[in-house]
Amino acid sequence: MERKYEVTQPAGGVPIKMWTRGVPVEDEAMQQLANAARLPVVFRHIAAMPDVHLGIGATVGSVIPTLKAIIPAAVGVDIGCGMIACKTTLHANDLPGNLAPLRSAIERAVPHGGGPRSRGRDPGAWDEPPDRVDQAWGGLAQEFEALCELHPRLRQTNNRKHLGTLGSGNHFIEVCLDEEGFVWFMLHSGSRGVGNAIGTHFIALAKKDAEQHQRNLPDRDLAYFEEGARYFGDYVRAVGWAQRFAARNREVMMANLIAAVRKAVRKPFDTHVEAVNCHHNYVQQERHFGEDVFVTRKGAVSARRGEMGIIPGSMGARSYIVRGLGNPESFDSCSHGAGRVMSRTQAKKRFTVADQVRATAGVECRKDAAVIDEIPMAYKDIDAVMRAQADLVEVVHTLKQVVCVKG
DNA sequence: ATGTCC
């Protein structure tokens, strides 16, 4: 296949390989990529996915490999954020004509949302976690206690009561139909408050460490721990734990969601084993070009040859179940979505509730003023995004949502 | 995205 990426090389930095043919890239995002490319710990090159856009410290939609070092702010605070999807034996015509009760059943089964507590109750957490949650927490508790002994402030987080809960912002649950009319469940969530606390804590420590070493950084948010530094090992452990919490969180929600749909839909059904559970905001050790490196995917998905992944479109747009092509130049990665073309504030200014009603026709979901920032027109064209990464992934299934629950 | 001693 022809080469699909373009290369730019900032002065004093490694090359940036960009899979962005035919999609817009902001100047600020280019500047941010150049900052990361100038770090002395970056390995070989940086890969920018077609959904690349401005983030904090590092651009969302980028893959940053580092040698004997790790950048906590590049991973960010939503550690382990990602997607899970599961195909079922249900068909479109097995679903009820009115999907509103199905949406309510899902909303009752999975705590979601947040913001101001109503009557002292947090709708985004369990009052008392059900057995399935406590079993899952059992597999995480011991390592978490060990982390708390090293970093006692982590003990103050809401952890056990947040396992199996969705969160807010762009976290969502969907019931979708694939190209053959089969029903899928899909959801987007991360490591909730505890992952946020881990991220925040170590980002602050990395900044302090950079000040003590008087490192000359292109951006303070690109502070890194070098292997052997005081908190390097603690961060590797903590970020790994938060990623496991996030993956477990998605599994628990999927199980509770399936149980809720079984009660709401009369026809019995099975779920396929081919469930996909992938992070798109994480760091892990991998081998590339003959070296052991830390690969940070900030808004990017692992796409090794044959590996399954999920690329969700926005509310009202299609989503894709993909299979990786294992392109080494992308460090075996692909995009994590469509990517925004305007900020949430801009979207709320530009579009109306009527626009949102039109854009989400046929989807059982909220359509009020509070969700206008998720309108499909605030995102890049997902078809252009998929074309730009045709050498990174192939499409296996195309999903269109019929129910969407927003966090 | 999160949880509120900003």
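In what follows, chains are A, B, ... by sequence order, proteins preceding strands, each numbered from 1.
Residue His171(A) places at least one side-chain N or O closer than 4.0 Å to OP1 or OP2 of dT2(B). Between dT2(B) and Thr200(A), no contact under 4.0 Å exists linking OP1 or OP2 to a side-chain N or O.
A cation-pi geometry, defined here as NZ or CZ lying under 6.0 Å from the six-membered ring centre and within 45° of its normal, does not hold between Arg318(A) and Tyr320(A).
As rounded to whole Å, 12 Å separates atom P of dT2(B) from atom CG of Asn281(A). Atom pair Asp78(A):CG and dG3(B):P shows a separation of 11 Å (rounding to whole Å applied). Distance Asp122(A) CG to dT2(B) C1': 11 Å, rounded to the nearest Å. Put simply, CG on Asn159(A) is 14 Å from C1' on dT2(B), counting in whole angstrom units. Protein atom CG of Asn158(A) is 14 Å distant from nucleotide atom C1' of dT4(B), rounded to whole Å. If you take NE2 of His112(A) and P of dG3(B), they are 15 Å apart, rounded to a whole angstrom. At whole-Å resolution of the value, CD1 in Ile198(A) and P in dT2(B) are 14 Å apart. In this structure, CG of Asn249(A) is placed 10 Å from P of dT2(B), rounded to the nearest angstrom.
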Under 3.5 Å, which donor-acceptor pairs link side chains of residues 398-407 of chain A to any protein atom two or more places apart or in another chain?
from	atom 1	to	atom 2	distance (Å)
Gln401(A)	NE2	Glu174(A)	OE2	3.2
Gln401(A)	NE2	Ser314(A)	O	3.4
Gln401(A)	NE2	Ala317(A)	O	3.3

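Exactly one residue among Leu163(A), Asn277(A), Val133(A) makes a side-chain contact (heavy atoms from CB on, under 4.5 Å) with Arg248(A). That residue is Leu163(A).
When heavy atoms are screened at a 4.0 angstrom cut-off, His188(A) is found touching no nucleic acid atom at all.
Legend: ring-ring contact (aromatic ring centres under 6.0 Å, His included) pairs involving residues 356-382 of chain A, not counting sequence neighbours: none detected.
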